[in-house]
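Everything on this sheet refers to the single structure shown next.
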Amino acid sequence: MNRKQLKILLAFLIVLCISIVILVLVSKNSKKSSTGPEEKAEEEYILPEQFRKINEIVIETKTDRFNFLKSFDKWTNKDDAGFPVDNEKVNMLGNMLSNMKKLREIKDYAELADFKLDAPAMTITVGNEADSYKVLFSDYTGNDNVFYVLADDSVYLTDSAVYKFAKYSLLDYCFIPENPDFTPGSVRTITVEVKGGNTIELVPGEKKASEGDAGEWYYYVSSDGEGFNDKKLCDQGDINVFFNYLTELSYNRVIEYDPSDERRDFYGIKEPAATVTVQFHGITNVTQVTDAGQRVDQMLDADFTFKFLIGNEIKESDGEYFITDTCIDSVASENLYDGNNCVFATNSYYAKFFINLTRDSLNGVASSKN
């Protein structure tokens with residue numbers, strides 16, 4: 001190999017070495033840039049990673065304290081297992097807590113009182129299976145509708161969503177039952193008892209329901225001594241109206257859970273103005289826990305007895321009545337229709353229809369009033 005060839009080979013080796021060094025540096029920088037955002041993403045959450053899978057939430061405000069515990073994907077009130085927890089709402093709260101961001105850390109301050117965190121408006125403690133983590137919320141807002149929080153002895157600004165969602169009372173996490181789908185074809189009997197008035201029984205006839213038509217229904221007034229053999233055909237327009245009121249009745253909000261006898265008397269549901277009992281057939285979900293601790297859901301046919309009791313008019317409300325309900329079924333499921341010993345508010349538009357029900361409401365005599 002002559003001197004010229006040697007120089008060419010040496011130059012090639014130098015270029016090759018420089019290329020290798022450049023490739024190594026680029027690879028390191030690329031790896032660093034790819035992991036950087038992940039590390040930053042983990043740090044930007046207020047809850048540490050190990051607490052972002054939440055099994056327990058304790059909320060403390062200046063007036064209330066309640067504790068939700070999760071087991072088999074179901075939330076319960078740790079202080080009262082009978083309380084009907086709205087699982088969807090608590091799941092939403094858990095997700096909001098897990099995704100709560102550190103918008104900015106406040107380092108330059110004299111004392112926590114500067115942000116009203118010395119006496120926080122709300123404290124939320126989240127727990128996993130091994131430990132817990134506490135976040136203190138101030139009701140002192142910063143710019144752009146953000147709130148101050150204290151976590152791990154550090155003050156941060158965060159979005160207001162969690163504070164505004166979580167600061168409600170326990171009743172705001174109460175499950176409001178669904179109104180059964182009273183398809184005329186599934187209903188077996190209906191009884192309406194009016195306080196100081198009539199008890200009216202309704203039973204289906206041969207003609208089945210169709211679109212916008214409740215089908216053939218008969219009524220008799222048992223409080224007048226009438227029986228099944230005394231039944232009379234309902235006016236078609238009247239029975240259609242009746243089912244419209246029955247299916248559209250709904251609850252606006254929860255008034256109280258597990259009221260005392262004195263409170264039930266105040267609401268008027270101890271001696272209700274009207275009691276409506278509906279026997280119907282439907283489907284319900286039955287959950288069983290296996291020996292291995294797994295939850296197994298099964299959909300079953302069931303016969304239901306649904307009863308709602310309409311009480312007094314809510315004086316401080318515009319157009320509402322107190323109402324409560326019970327629902328049991330033949331397979332002893334936790335059906336979605338039971339009121340779980342709660343008192344609700346309903347629109348007077350529906351309440352008054354049942355309170356004022358008479359035979360004239362079903363036989364065409366009072367049709368012009370509907």
Side-chain angles (χ1 to χ4, degrees), residues 77 80-89 170-184 186-195 197-202 242-286 302-314 317 319-357:
N77 178 10
D80 183 354
F83 181 84
V85 175
D86 187 331
N87 274 263
E88 183 177 344
K89 195 164 188 178
L170 178 61
L171 286 183
D172 291 288
Y173 294 91
C174 182
F175 177 75
I176 296 180
E178 297 181 11
N179 195 30
D181 182 15
F182 290 126
T183 306
S186 67
V187 176
R188 307 291 175 78
T189 64
I190 304 171
T191 303
V192 181
E193 302 171 74
V194 178
K195 183 180 179 181
N198 295 314
T199 298
I200 301 174
E201 313 278 349
L202 293 99
F242 181 94
F243 269 94
N244 285 340
Y245 278 94
L246 185 65
T247 55
E248 292 177 9
L249 184 143
S250 60
Y251 305 144
N252 298 336
R253 64 188 187 283
V254 184
I255 300 295
E256 186 175 349
Y257 163 70
D258 195 20
S260 64
D261 281 346
E262 183 180 358
R263 294 294 295 169
R264 290 175 66 86
D265 190 44
F266 169 78
Y267 296 133
I269 57 176
K270 201 171 180 180
E271 296 183 18
T275 302
V276 181
T277 304
V278 185
Q279 305 274 355
F280 70 101
H281 187 80
I283 298 174
T284 189
N285 180 69
V286 176
D303 292 315
F304 295 82
T305 300
F306 177 82
K307 180 182 293 187
F308 63 84
L309 296 78
I310 302 172
N312 297 330
E313 184 177 3
I314 304 176
S317 173
E320 289 183 315
Y321 274 72
F322 295 115
I323 189 170
T324 188
D325 80 66
T326 61
C327 187
I328 58 174
D329 61 63
S330 57
V331 295
S333 73
E334 294 182 15
N335 64 71
L336 299 176
Y337 315 127
D338 189 74
N340 292 290
N341 207 17
C342 290
V343 178
F344 309 95
T346 190
N347 292 345
S348 63
Y349 179 73
Y350 301 102
K352 288 180 178 178
F353 175 82
F354 295 104
I355 292 172
N356 297 325
L357 191 76

message: Under the criterion side chain to side chain contact (heavy atoms under 4.5 Å, CB included), I'd like the reasoning laid out for Glu201 against Thr189: C-alpha separation, chi angles, the key distance, then a yes or no.
response: CA-CA 7 Å; Glu201 313 278 349; Thr189 64; 5.7 Å; no
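- Taking OG of Ser260 as the reference point, atom CZ of Phe266 lies at 11.0 Å (rounded to 0.5 Å).
- A donor-acceptor contact closer than 3.5 angstrom is absent between the side chains of Thr199 and Glu193.
- Of all the heavy atoms in Pro259 and Val343, the pair that sits closest is CG-CG2, 3.8 Å.
- Identified under the salt bridge (charged side-chain N to carboxylate O under 4.0 Å, His left out) test for residues 322-335, with sequence neighbours left out: Lys74-Glu334.
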Donor-acceptor contacts under 3.5 Å from residues 303-311 side chains, at least two apart:
unit_1	atom_1	unit_2	atom_2	d
Asp303	OD1	His281	ND1	2.8
Thr305	OG1	Gln279	OE1	2.9

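- Of all non-hydrogen atoms in Thr346 and Ser250, the two that sit nearest each other are OG1-O, 2.7 Å.
- With a 4.5 Å cut-off on side-chain heavy atoms, Asp338 and Thr326 count as touching.
- Each salt bridge (charged side-chain N to carboxylate O under 4.0 Å, His left out) pair with one or both residues in residues 242-259, not counting sequence neighbours, appears once here: Arg253-Glu320, Glu256-Arg263.
- A donor-acceptor pair under 3.5 Å is absent between the side-chain atoms of Asn77 and the main chain of Val85, judged by distance alone.
- The closest side-chain heavy-atom distance from Asn347 to Asn252 is below 4.5 Å.
- The aromatic rings of Phe354 and Phe242 lie perpendicular to each other, with more than 60° between the two planes, well past the 30° mark.
- Ring pair Phe353/Tyr245 is parallel by interplanar angle, where below 30° counts as parallel and above 60° as perpendicular.
- For the atom pair Leu171 CG and Asp86 CG, the distance stands at 12.5 Å (nearest 0.5 Å).
- Not less than 6.0 angstrom separates the ring centroid of Tyr349 from the ring centroid of Tyr321.
- Of all non-hydrogen atoms in Tyr257 and Gly82, the two that sit nearest each other are OH-C, 3.4 Å.
- Closest non-hydrogen pair, Phe344 versus Gly339, comes out as CZ-O, 3.8 Å.
- Ile190 is not listed as a side-chain neighbour of Phe280, based on a closest heavy-atom distance of 4.5 Å or more.
- When all heavy atoms of Tyr173 and Lys89 are compared, the pair lying nearest together is CD2-CG, 4.1 Å.
- Between the CG atom in Asn179 and the SG atom in Cys327 there is a gap of 10.5 Å [rounded to 0.5 Å].
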query: When you look at Asn87 and Phe175, which way does the side chain to side chain contact (heavy atoms under 4.5 Å, CB included) test go after all the steps?
result: CA-CA 8 Å; Asn87 274 263; Phe175 177 75; over 6 Å; no
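- Distance alone, capped at 3.5 Å, is enough to place a donor-acceptor pair between the Thr324 side chain and the Cys342 backbone.
- Here the shortest heavy-atom pairing between Phe182 and Val278 reads CE2-CG1, 3.6 Å.
- The shortest distance between side-chain heavy atoms of Ile323 and Leu249 falls below 4.5 Å.
- Within the model, atoms CD1 of Ile176 and CG of Asn340 stand 12.0 Å from one another, a figure rounded to the nearest 0.5 Å.
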